[in-house]
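Reading through the structure tokens given below for one structure.
When a ligand or atom number is given, it counts from 1 through the structure's own listing order.
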Amino acid sequence: MRIVTFEEPHKQLSEDFGPGDAAIYIEAVHAAPADPPGSDTPTEMTICGKSTAGMTRLSYAPKSPGQPWCPPNKTQWMCTDCDEVLGST
Ligand SMILES: [Zn+2]
């Protein structure tokens, strides 16, 4: 299954941002299947059932079966629901 990865931005409501704070706030990294399979076009829903609208599409994609679907530098935000489905493949 070809996977497209998305980054869900964190809705930061706190107002204690310091000036010049360039930290990136990520809520979660999700995966969406390509549709039709083999294309580069993801479905409008992630594997865990969230809308991809408002999410940022990531350029990362697993190059071959067996590679982690989540970018290695973003595993701390990896969606566990998506991973549960993809991890068993
Ligand atoms: Zn997810």
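- The environment of CD in Glu44 is sparse: at most 12 heavy-atom neighbours from other residues, nucleotides or ligands sit within 6.0 Å.
- Remark: Lys50 does not engage Asp81 in a salt bridge, criterion side-chain N to carboxylate O under 4.0 Å.
- Minimum heavy-atom separation, Trp69 to Ala31: CE3-CB, 3.5 Å.
- Between Val4 and Arg57, the closest heavy-atom pair is CG1-NE, 3.4 Å.
- Between the CD1 atom of Ile26 and the CH2 atom of Trp77 there is a distance of 4.0 Å, given to the nearest 0.5 Å.
- Across Met45 and Ala32, no two heavy atoms sit closer than the pair O-CB, 3.6 Å.
- Excluding waters, the count of protein N/O/S atoms less than 2.8 Å from the Zn ion (ligand 1) comes to 4.
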